[in-house]
J.: 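This structure is in structure tokens; I'll ask about it shortly.
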Amino acid sequence: MTYGYMRNASALYQETSARGSVEGADRHQLTTMLFDGVIDRINQARGAIRRGDVPAKGMHFSRAHAIVSELRGSLDHAQGGALAGRLDALYDYVGRRLLHAQLNNDERAIDEVVDLLTPVRDAWRQIRHDFLAKQGNQPSAAA
């Protein structure tokens, strides 16, 4: 097998695996997946900055921005009240810091964004755990 084939097979496996995970996920898991995805893309952008790989940097930042936009667009201001407003402001700030990091190769801005998003992601994991406990279900080990 050639390197190109292995790379394409790996990408296909990752796509299929991710699609399968999404199809079986509840809303808490989906939100957590978005946070995992944005943090992963941000860290990939950091690696691209360190390697001097400008096209990869742009691609990873673009994907991170898209995920933040999705998180922001999913907010229900009618139901979420003040919390939705605070999250909206956080996502707006994160988007601006990501743009700054992208334009200036600023790893401190990247660190700041990861530090801001990680506790929110962890809270979503805990929300799911608590929700399932109230329902009498046990969270799966993969969650």
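Values below: every heavy atom of this structure, side chains too, minus hydrogens, waters and symmetry copies.
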J.: What do the steps show when you test Leu87 against Leu83 for side chain to side chain contact (heavy atoms under 4.5 Å, CB included), and what is the final call?
T.: CA-CA 6 Å; Leu87 286 171; Leu83 177 59; 4.2 Å; yes
J.: Considering all heavy atoms of both residues, which atom of Lys57 and which atom of Gln102 are nearest to each other, and what is their separation?
T.: NZ-O, 2.9 Å
J.: How close do Arg97 and Ala109 get, heavy atom to heavy atom, and via which atoms?
T.: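 Heavy atoms only, the tightest pair is NH2-CB, 3.3 Å.
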J.: Is it true that Gln126 and Asp122 share a donor-acceptor pair across their side chains at a distance under 3.5 Å?
T.: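 Result is no, nothing qualifies.
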J.: Hey, does Pro55 have a side-chain heavy atom less than 4.5 Å from the side chain of Asp53?
T.: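 Side-chain contact under 4.5 Å: yes.
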J.: Compare all side-chain heavy atoms of His60 with those of Asn43 and state whether any distance is below 4.5 angstrom.
T.: no
J.: If you look at every heavy atom in Asp115 and Pro119, which pair is closest and at what distance?
T.: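 That would be O-CD, 3.0 Å.
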J.: Look at the side-chain heavy atoms of Ile, Leu, Val, Met, Phe, Trp and Tyr, link any pair under 4.5 Å apart, and say whether Leu117 and Leu30 land in one connected group.
T.: no
J.: Is there a side-chain contact between Thr31 and Arg121 in this structure, where contact means two heavy atoms from C-beta onward sitting under 4.5 Å apart?
T.: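 The answer is no, as the side chains (C-beta and beyond) never meet within the 4.5 Å cut-off.
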J.: Between Phe35 and Thr118, does the side chain to side chain contact (heavy atoms under 4.5 Å, CB included) criterion hold? Intermediate values first, please.
T.: CA-CA 8 Å; Phe35 280 103; Thr118 299; over 6 Å; no
J.: Tell me, with the steps shown, if Asn105 and Arg50 meet side chain to side chain contact (heavy atoms under 4.5 Å, CB included).
T.: CA-CA 9 Å; Asn105 293 334; Arg50 290 177 178 173; over 6 Å; no
J.: Can you measure from CD (Gln44) to CZ (Phe61) and round to the nearest 0.5 angstrom?
T.: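 One gets 11.5 Å once the value is rounded to the nearest 0.5 Å.
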J.: What residues form a salt bridge (Lys or Arg N to Asp or Glu O under 4.0 Å) with Arg72, not counting sequence neighbours?
T.: Asp88, Asp92
J.: Do the side chains of Ile110 and Val120 join up, straight or via other hydrophobic residues, at under 4.5 Å, putting them in one cluster?
T.: yes
J.: Could you check whether any side-chain N or O of Asp76 sits under 3.5 Å from a backbone N or O of Ala78, counting only pairs where one atom can act as donor and the other as acceptor?
T.: yes
J.: Quick one, Leu98 and Glu112 - any side-chain contact, counting heavy atoms below 4.5 Å?
T.: no
J.: For the residue pair Val94 and Arg96, establish whether any side-chain heavy-atom pair is separated by less than 4.5 Å.
T.: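 Not in contact.
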J.: Looking at Val68, Leu116, Ile67, Val38, which one forms a side chain to side chain contact (heavy atoms under 4.5 Å, CB included) with Tyr91?
T.: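 Output: one option passes, namely Val68.
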J.: State plainly whether one hydrophobic cluster holds both Met33 and Ile42, where clusters connect Ile, Leu, Val, Met, Phe, Trp and Tyr through side-chain heavy atoms under 4.5 angstrom apart.
T.: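 They do not share one cluster, since no chain of ILVMFWY contacts under 4.5 Å joins Met33 to Ile42.
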J.: To the nearest 0.5 Å, tell me how far His65 NE2 sits from Arg41 CZ.
T.: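 Here the interatomic distance stands at 14.0 Å.
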J.: When rounded to the nearest 0.5 angstrom, what distance separates CG in Leu34 from CD1 in Ile39?
T.: 11.0 Å
